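What follows is a single structure, written as structure tokens, with notes after it.
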There are 2 protein chains.
Amino acid sequence: MDQHAESPRTRYITTASAVFAQKGYHAASLAGIADRLGVTKQALLHFFGSKARLYEEVLSALSDRLLRSIENVEGTTPETKLRTFFLQLSEDALCNVEDTQLVARALLDAQTTSENWPMKPFLDALGALAHKTKRWSKASDAELFCWIYQNIGSIQHFAISQTTLKGMYGKEAFDVLKETHQAQLRAALADLEEDPV
Amino acid sequence: MDQHAESPRTRYITTASAVFAQKGYHAASLAGIADRLGVTKQALLHFFGSKARLYEEVLSALSDRLLRSIENVEGTTPETKLRTFFLQLSEDALCNVEDTQLVARALLDAQTTSENWPMKPFLDALGALAHKTKRWSKASDAELFCWIYQNIGSIQHFAISQTTLKGMYGKEAFDVLKETHQAQLRAALADLEEDPV
DNA sequence: GTATAAACTTACCACTTGGTAAGTTGTCAA
DNA sequence: TTGACAACTTACCAAGTGGTAAGTTTATAC
């Protein structure tokens, strides 16, 4: 089962994912998600039992998507793989914000709710890939991880700030910012071809 | 008025700020905030009229705090001011997460709600300060802003991930990460003393 | 002493929330 | 034809939400 992309179950998860991303867990309501799907909220409860479990499935699907985005990245050497991964992440984060929002919301809510860390497989895979590059092969895990996290952080922060930046400085100014931001990211990733420090 | 730090009004805002930061706007309830204060929710409604306006005041107070954190930074040259500001921001973000959470939540919610951008004065002041440094005096606004935003982004992202990182890798590993993170920040800020590219 | 006003509380209301229970509909196998 | 099961819907409920209205207490001004 679940082989069809249009399976109702996965369809529900996709829509729920979008609503949770936009509004956050508490602001999103089962009735609201169901409305978007053209069903009643009991259809959701039938499949997932509770709002909390629906959210778990949303995070689990997110985790899979993140992991696959590393596994499926194109490139022959670890260096090119890692570089194209970050550039693709930056682009995806900007034109398809929802996953980025989900991650940020999960991080914020983890402060109070103890969760099952859906991002761990993703981060571990990313760390393993980076570790294969010459630049980071001899670095400590902490140094490597901080470098990764710094890049993800600036990408995520910029993507989430999109609306605010457009509102504050206008769309034209934001477009300039966006290009500059990606240019700076490319420059930072150029270090990957160099030798370790 | 409001000259006492213990003025009920400011006391309410402080507590509301903490609850909004931890739970987010929708998950926080007036009754919950009032409980922490030992009053009824009508005490809050008496002062602020509505939940939305209380939240506005919380964001406005946050905006003031952020702006003052730049104005009051110690140092003689713009370079040292900017460097100590970022280092202080990094430390504050880690040991006092609430403001960081508030900012992140405001950015996320801005996606749907059009707001009045409480962070603009802060960012503008920071930009003006950075523009005085030799390193950035001749750079374009976009380049300068991206550099600022990149630093803020990695600081904020790391601070917000605190709980998750501790949960995933343990407290000891996190402490190593934390020191490495700050060391890398210091290294990045060392560029300020150099000449422009 | 009395009036005024600020800082609350108690009581209440309309509405939304997640969740339960009990049906209904359609499909498909025996 | 019948039975079984999945995929729903309608009806309902207790709890919680923000908000209104009408008191009550307390301090201060005159």
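Throughout, a chain's letter reflects where its sequence line sits, starting with A, and its residues are numbered from 1. Values in this document were obtained by computation on a predicted structure and should not be read as measured data.
- We find that CZ of B:Phe47 is positioned 17 Å from P of D:dG19, with the value rounded to whole Å.
- Where DNA chain C meets chain B (any atom under 4.0 Å from a heavy atom), the bounding nucleotides read 5' to 3' are C:dA7 to C:dA11.
- A donor-acceptor contact shorter than 3.5 Å links the side chain of B:Lys51 to the backbone of B:Ala28.
- Each of B:Thr164, B:Leu165, B:Thr163 was compared with A:Leu107 under the side-chain contact (heavy atoms from CB on, under 4.5 Å) criterion, and only B:Thr164 meets it.
- Computed from coordinates, the A:Leu45 CG to D:dA7 P distance equals 15 Å when rounded to whole Å.
- Note on B:Arg65 versus B:Asp99: salt bridge recorded, some NZ/NE/NH1/NH2 to OD/OE distance being below 4.0 Å.
- Taking atom NZ of residue A:Lys51 and atom P of nucleotide D:dG16, one finds them 15 Å apart after rounding to whole Å.
- Across the interface with DNA chain D, nearest-nucleotide mapping of A:Lys41 and A:His46 shows A:His46 to be the residue nearer the 5′ end.
- Here A:Phe48 lies out of heavy-atom contact (under 4.0 Å) with every strand.
- Under a 3.5 Å cut-off, the side chain of A:Gln184 and the backbone N or O of B:Glu143 do form a donor-acceptor pair.
- Within 4.0 Å (heavy atoms only), B:Ala28 reaches sugar-phosphate atoms of the nucleic acid but no base atom.
- Rounding to whole angstrom units, CG of residue A:Leu30 and C1' of D:dC8 are separated by 15 Å.
- Of the possible polar contacts, one joining the A:Gln162 side chain to the A:Leu94 backbone as a donor-acceptor pair under 3.5 Å is found.
- Between the NZ atom of B:Lys23 and the P atom of D:dG18 there is a distance of 11 Å, rounded to whole Å.
- A close approach under 4.0 Å does not occur between any side-chain nitrogen or oxygen of B:Tyr55 and OP1 or OP2 of D:dG18.
- When the shell of 6.0 Å around NZ of A:Lys81 is examined, it contains 12 or fewer heavy atoms from other residues, nucleotides or ligands.
- For the pair B:Ser50 and D:dG18, the criterion of a side-chain N or O lying under 4.0 Å from OP1 or OP2 is not met.
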